[in-house]
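Structure record follows, encoded as structure tokens.
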There are 2 protein chains.
Amino acid sequence: MNHRSAYRVPKSEVLKAALDLFSRKGYSDAKMADIARKVGMSVGALYLRFSNKEELFMELIRDQSKDFIEHTRSLPLHEPLNALKTYIAINIDHALHKRQILSIIYREYNLLSLKDLRHEFFKTQHGIIRDILRAGVKNKAFKAMDINDTASMIFASIRGTIMLKLIFGIGDAKSMGNSLFKLITNGIRKDAS
Amino acid sequence: MNHRSAYRVPKSEVLKAALDLFSRKGYSDAKMADIARKVGMSVGALYLRFSNKEELFMELIRDQSKDFIEHTRSLPLHEPLNALKTYIAINIDHALHKRQILSIIYREYNLLSLKDLRHEFFKTQHGIIRDILRAGVKNKAFKAMDINDTASMIFASIRGTIMLKLIFGIGDAKSMGNSLFKLITNGIRKDAS
DNA sequence: CGTTCATATGAACCATCGTTCAGCATATAG
DNA sequence: CTATATGCTGAACGATGGTTCATATGAACG
């Protein structure tokens with residue numbers, strides 16, 4: 001039956017090369033031939049592994065998104081302040097670790113499937129932040145507030161900080177996390193109301 | 001000498017069409033033929049106005065960026081809290097007004113010329129925020145703080161909020177501005193330190 | 001009117017790139 | 001060793017799209 005079964009170059013290696021090219025050049029400007037060349041194989045062999053470019057791309061996204069959510073499980077909700085600090089740190093860490101895939105997801109935003117992915121991501125993260133805020137308000141650690149709006153703003157601030165790093169190339173991961181945490185928790189007013 | 005001098009379709013109208021197409025499809029997927037068709041002229045006529053696609057694109061960016069900075073002059077620095085509120089409102093307003101060009105600038109970030117533009121923008125805005133913060137600290141309206149870091153975080157929060165609206169399609173301009181202002185000034189802790 | 005020339009047209013040119021496929025290589029089974 | 005299934009190759013194909021150019025149009029001027 002099966003005479004051979006393994007590809008000379010495994011999918012994972014192709015995806016690695018594709019990640020680099022897509023993130024540096026964008027979807028349209030990353031050529032199938034580039035990807036093939038980068039891993040030292042022919043275009044034809046590429047098409048044995050993936051039926052077309054779009055599928056290769058989506059497989060890459062799927063592969064890289066796998067552990068996207070798992071990181072934020074098991075935050076210490078009984079210590080809301082701590083949970084928030086950890087949440088911010090995890091987010092920034094993770095983003096910088098997966099900066100390549102993120103830069104693609106931010107950019108290629110006419111690809112319909114990415115739109116769904118992003119929305120899904122927002123919903124999940126918004127939920128997590130809401131839980132932290134709700135716990136904090138109950139706890140009297142946080143003031144009364146509009147939890148939905150505040151969660152959106154916190155989400156936006158974190159993503160903005162990541163963008164500052166990714167797109168503008170500005171800032172340092174650790175100190176950025178701290179500054180952001182301080183800003184969100186304490187604000188800048190001397191006599192906060 | 002000059003028998004005629006006006007184009008049947010003026011540049012401004014071409015740029016308007018180009019803006020729509022570039023922002024909806026991105027640089028690569030917006031075709032010269034599309035742009036020509038949209039304003040009811042031939043491809044050849046397009047090349048009488050612009051020497052090539054790249055130049056058309058850059059002219060569009062330049063045209064749209066003209067009043068980008070002017071909006072933030074003359075903030076009331078003697079009232080730092082007010083200045084900050086106004087600054088945030090202006091930024092969000094302006095971004096939503098120019099959402100099309102912004103979505104391009106965020107996306108096409110391998111175009112070298114855009115990189116410069118973005119950096120320039122950050123520097124200017126960071127400076128403005130710094131001025132507000134410095135005035136506030138002097139004024140004792142704001143706490144002592146690392147002005148540079150805080151300015152970066154405020155910039156990031158505002159851009160993140162705008163991104164939330166532009167990319168994720170989430171939020172409402174006015175209430176977003178208010179929520180963000182509240183978050184930045186007061187923070188979420190009950191007993192802010 | 002006839003000449004001139006800025007402006008307009010769109011077919012043709014050319015380069016690029018996703019995709020296919022006929023031919024080749026080789027590992028495994030019998 | 002032979003047969004065969006599997007994997008590999010890269011030239012060729014077809015579509016696409018930026019750019020050019022031979023040709024046309026018609027306004028202004030004498």
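The structure displayed is predicted, hence computed values, not measured ones. Chain letters run A, B, ... following the sequence lines, proteins first, then strands; residues in each count from 1.
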Within the 6.0 Å centroid threshold, strictly below: B/F57 and B/F22: yes
Single-linkage hydrophobic cluster, 4.5 Å side-chain cutoff, B/L77 and B/F155 together: yes
Reading 5' to 3' through nucleotides 14-21 of chain D, protein heavy-atom contacts under 4.0 Å coded B for base, S for sugar-phosphate only, - for none: ---SSBB-
Within this structure, what is the [atom1]-to-[atom2] distance between [X] and [N], rounded to whole angstrom?
| X | N | atom1 | atom2 | answer |
| --- | --- | --- | --- | --- |
| B/K11 | C/dA8 | NZ | P | 13 Å |
| A/E55 | C/dG18 | CD | P | 15 Å |
| A/L46 | D/dG7 | CG | P | 15 Å |
| A/F50 | C/dG18 | CZ | C1' | 15 Å |
| A/I35 | C/dC17 | CD1 | P | 12 Å |
| A/L56 | C/dC17 | CG | P | 16 Å |
| B/E13 | C/dT7 | CD | P | 17 Å |

Carboxylate-amine/guanidinium proximity below 4.0 Å for B/K25 and B/D34: yes
Neighbour count above 12 (heavy atom, 6.0 Å) for B/K53 NZ: yes
Residue-phosphate contact under 4.0 Å: A/R49 side-chain N/O, D/dC8 OP1/OP2: yes
Presence of B/R8 side-chain N/O under 4.0 Å of D/dT25 phosphate oxygens OP1/OP2: no
B/R159 and B/Y106 side chains, donor-acceptor separation under 3.5 Å: yes
A/H119 and A/F122 aromatic ring geometry - parallel, tilted or perpendicular at 30°/60° bounds: perpendicular
